[in-house]
Amino acid sequence: MIARVIVDVATNQTDRLFDYLIPAPFIDTILPGMRVVVPFGPRKVQGFVLEIGETSEFDIKKLKPIEELIDVEPPLTNELLDLSFWVKDQTLSFHIGVLKVMLPAAMRAKYKKEVHPHPDISIEDMSPHLKTFFKQHDSVLDWDELIKKGTDLERKLLMEGVKKQELRIIPIVGTGETKKKRNAVRPAFSKKELEQFKSSLTSQAKKQIDLVDYFISKPTEISVVELMETTQTSRSTINTLVQKGVLVQEEVEIRRDPYEGRKFERTEALPLTEEQRAALNPILNKMDKGEHETFLLRGVTGSGKTEVYLQAIDRALSLGKEAIMLVPEISLTPQMVKRFKERFGSEVAVLHSALSKGEKYDEWRRIRDKKVRVAVGARSAIFAPFENIGMIIIDEEHETSYKQEEAPRYHARDVAIKRGGYYKCPVILGSATPSLESFARAQKGVYHLLTMEKRVNNVQLPVVNIIDMREELKKGNRSMFSESLTEAMRSRLEKKEQMVLFLNRRGYSTFILCRDCGYVAQCPHCDISLTYHRTNQTLQCHYCNHIETPPTFCPSCEGDSIRFFGSGTQKVEEELQKVFPDIRVIRMDVDTTKRKGSHEKLLDRFGSGEGDVLLGTQMIAKGLDFPNITLVGILAADSMLHIPDFRSSERTFQLLTQVSGRAGRHEKAGEVIVQTYTPDHYSIVDVKQHDYVSFYQREMQLRKQAAYPPYYFLTLIHVSDTDLTNAIRVTEKICHYLRENLSPTTLIFGPAASSIPRIKDRYRYQCMIKYKVEPKMIKVLQEIIKTYQGEMARTDLSVLIDTNPYMMM
DNA sequence: AGCACGCCGACT
DNA sequence: GTCGGCGTGCTC
């Protein structure tokens, strides 16, 4: 018997199946989808068994046997294995990369090298330096750690030791899994025997008697910690009884429950509005018939999309099937989790980045072990290893975080539709502001469009006021708050209502500029300006972490007119305090939410009324639902509009609509104030009218003119090198090759310098492909990778291909 | 990616 | 003459 294995070596030459003999003990248990450790050349690596077969094209006598079988059950289902082929082809990724992304981080291979004293040599015979080294440390040392953290001398000693054969390096392939264990004890005796034992104890042994009494009344297993607490005894007393053989101590695996100790009250399905029912029915219909269809649910903010999702999932469960619900990382808030836990109780597993590796692993195993039937999570949860999926939902489907920006560059939306096809189940893409791609497909009838235009309980959409900041300047108002916004904030403070202020930039000042000569501090390694960080008084590069102290005189003209420009949330907070000295501000951005659980804490504080203002970046745009918010202020609506990306208008419209949606979701009416320097731009005007369709139509015209998606598909090839001329040369060759080999209707742009032409001293060039139908595309791109793989391995050259890119930089 | 094999320069 | 530089090629 032969196993065909994908090995954990991410290179072009090894991106294929390798055959291995299956040793007799594994023959009956080995299955496709299992992880193995195999010898590969001179070392050992982890691999995934994809196929089991009888024969090999390779010389059977030369096959090596599998070293180790890691799994008892295959972590990857047959469906996921099939899917992995599709994903790696579509995204031009290494197969191993796709297989790994399907598993929780804790299950990916860990490689380490252990440093041992050579077995034939006694420590005493080693060279004196090493002798002291091993005496100071444990006798088994981790090579990588020593190399990374050790001193130069230590490094030198180690190298010498290896050369002189005094040390041996043993590579270890680990699985990285850790199951949380706890010590527990249970009685080894029956009740009667315990009574007997008790009477043999002297009255001095009071604590032992307490323990025995406990087990007489409750003869079941209990964790040591819990036992100590309930009986007020110490570990040593328990140990004594273990020693005497009265109690048995065991390690019991426990599941890490990220939501431990939290009570979720069960809720029932809410009554649906007319619109909700009209949206839900066709979905249920398809589900009942066991047919696949992709639905695009466009519902304004507050129209009750979540309730539609919940009831759709409920139907899947009552049909005996499972459901996956994807939420953008940023809006996977405790509020959202709570809503799912309340409806589906212990049927829900939650997968998101705030969980520890171990917690994620445990939640993932609950899915694989069929302990739960609903998976809620961010992008990678689309690979939840269910085997009978009845419903897949992508909330906020327009969110760019569904596209993974490193290899494998997959889009969760595409994977969702692929899996939906496999399981013949409906897929819902939900959003108040669908991506143009999805809405265009719905218009063409590829997706089934469902619309919800009204908020539930007939709550009105907030009134949106657009403030022209150029007028404010003319009036002499140079602060970051317009008169209207200041007044609106004052009235909320008086009425004790809450508000949200949104600014798309964190930190303090974004750049420094010389007023005399226009000098802007630039990063020496990147073509980007440096950002001023007030906390440590430094200028920092956002791309390479270069740090320098801000100059007091202009390095260019030697004048003293250096000024800080642009403002972040930190500065807004200060300004707010100046205008309203008593205002209570809760600031939420990357800087204030770094610690685990701080996100939740800040929201709880705001929810309980501890703050008047929630001031934040992106992360406050979604999912917030507090009844007392009656004002939303958007400080710089056009900050996104000027990013060189064909989607910048779309992003602006989506973001403004999402943020606006935070206001007046309940009894109290909401108001939104949008500050902008471009009040006539359609992506801002259409927010005022809450008119998605109007925005869509205008934006589509521009996309058509400029030959962008949804009219064309895009592929972006990024070429970078420390050598500028070589980067250009390679990009030129690639463009030439594409023009020769793709159809004449396909548009090829390039070579063009990237919008940030240099990052970390690497020069960046691009080639953009726009196409409608191009059956040879994948083949041609594979050919390009093949052409440059050698040069990429040898030199600093890098060629990356992004099919369907979302980051144009 | 690692790692060994292999073919040319500066050293005991 | 050897030690070691990193170019080339392979891993079932």
Side-chain angles (χ1 to χ4, degrees), chain A residues 1-24 26-27 30-70 81 85 88 92-101 108-115 142-148 155-156 158-165 167-176 406-408 721-723 726 782 785-801:
Chain A
M1 293 280 274
I2 275 132
R4 300 196 182 95
V5 175
I6 293 285
V7 292
D8 186 12
V9 182
T11 64
N12 242 287
Q13 297 158 78
T14 53
D15 191 24
R16 57 188 179 84
L17 291 165
F18 285 85
D19 295 354
Y20 285 90
L21 297 171
I22 305 172
F26 305 153
I27 290 252
I30 195 165
L31 288 168
M34 285 182 174
R35 295 169 300 159
V36 288
V37 175
V38 291
F40 195 66
R43 65 214 162 109
K44 288 176 182 48
V45 295
Q46 199 179 92
F48 288 83
V49 178
L50 288 207
E51 295 166 11
I52 308 276
E54 297 290 334
T55 56
S56 173
E57 313 244 307
F58 201 74
D59 183 358
I60 280 225
K61 287 182 290 289
K62 283 187 191 158
L63 291 188
K64 293 179 182 175
I66 288 171
E67 179 103 0
E68 198 185 317
L69 186 57
I70 299 171
L81 293 181
F85 282 89
K88 66 121 180 151
L92 296 132
S93 313
F94 299 126
H95 205 157
I96 186 66
V98 179
L99 295 168
K100 281 163 86 172
V101 87
R108 293 171 205 160
K110 303 277 176 305
Y111 300 94
K112 59 174 184 178
K113 292 181 192 135
E114 288 180 354
V115 184
D142 186 273
W143 177 263
D144 292 325
E145 207 168 299
L146 289 170
I147 295 298
K148 212 171 21 172
R155 267 192 284 272
K156 212 177 123 204
L158 285 169
M159 303 285 192
E160 278 172 14
V162 174
K163 210 189 288 170
K164 286 198 229 154
Q165 301 232 321
L167 295 178
R168 215 159 60 153
I169 308 293
I170 302 177
I172 307 278
V173 187
T175 60
E406 318 96 67
D721 200 327
T722 47
D723 179 348
N726 195 48
Q782 278 168 345
I785 301 233
K786 221 165 115 192
T787 310
Y788 292 100
Q789 54 168 313
E791 193 175 341
M792 280 161 65
R794 275 197 315 277
T795 72
D796 285 333
L797 175 72
S798 147
V799 178
L800 297 178
I801 299 183

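Below, read A as the first sequence line, B as the second, and so on, with proteins coming before strands; counting in each chain starts at 1. Hydrogens, waters and symmetry mates play no part in the numbers below; they use all other heavy atoms, side chains included. Quantities reported herein were computed from a predicted structural model and do not represent experimental measurements.
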Length of the [atom1]-[atom2] vector between [X] and [N], whole Å:
X        : N      : atom1 : atom2 : result
A/Lys44  : B/dC3  : NZ    : P     : 12 Å
A/Glu791 : C/dG7  : CD    : P     : 14 Å
A/Met1   : C/dC12 : CE    : P     : 21 Å
A/Gln13  : C/dG9  : CD    : C1'   : 7 Å
A/Gln789 : C/dC10 : CD    : C1'   : 13 Å
A/Phe58  : C/dT11 : CZ    : C1'   : 9 Å
A/Asn12  : C/dT11 : CG    : P     : 16 Å
A/Met792 : C/dT8  : CE    : C1'   : 18 Å

Inset, instruction - Give one of base, sugar-phosphate or nothing for A/Phe40, where a contact means two heavy atoms less than 4.0 Å apart. - result: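 Base: the residue A/Phe40, judged by heavy atoms under 4.0 Å, touches a nucleobase.
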From [options], nucleotide with atom closest to [X] side chain:
X        : options               : result
A/Asp19  : B/dC3, B/dA1, C/dC12  : C/dC12
A/Pro42  : B/dC3, C/dC10, C/dC12 : B/dC3
A/Arg794 : C/dT11, C/dT8, B/dA1  : C/dT8

Legend entry - Ring centroids of A/Phe18 and C/dC12 base under 5.5 Å with planes under 30°: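 Stacking between A/Phe18 and C/dC12: absent.
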Inset, instruction - Kindly indicate whether a cation-pi arrangement holds for A/Arg16 with A/Phe18, taking the cut-offs as under 6.0 Å to the six-membered ring centre and within 45° of the axis. - result: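 Because its charged atom sits under 6.0 Å from the ring centre and within 45° of the axis, A/Arg16 does stack over A/Phe18.
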Inset, instruction - May I ask you to say whether A/Asp8 pairs ionically with A/Lys100, meaning some side-chain N is under 4.0 Å from a carboxylate O? - result: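 Yes, this pair counts.
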Inset, instruction - Check whether any side-chain N or O of A/Lys110 sits under 3.5 Å from a backbone N or O of A/Arg108 as a donor-acceptor pair, and report yes or no. - result: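 Yes, A/Lys110 side chain to A/Arg108 backbone: donor-acceptor pair under 3.5 Å.
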Legend entry - N/O donor-acceptor pair under 3.5 Å between A/Asp15 side chain and A/His95 backbone: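 Yes.
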Inset, instruction - Return no unless some side-chain N or O of A/Lys64 is found under 4.0 Å from OP1 or OP2 of C/dC12. - result: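 Yes, A/Lys64 has a side-chain N/O under 4.0 Å of OP1/OP2 on C/dC12.
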Inset, instruction - Ignoring hydrogens and angles, answer whether the base of B/dA1 and the side-chain atoms of A/Arg43 contain a donor-acceptor pair closer than 3.5 Å. - result: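 Answer is yes: a donor-acceptor pair is held.
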Legend entry - Side-chain heavy atoms of A/Phe48 within contact of A/Val5, under 4.5 Å: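 A/Phe48 vs A/Val5: side chains apart.
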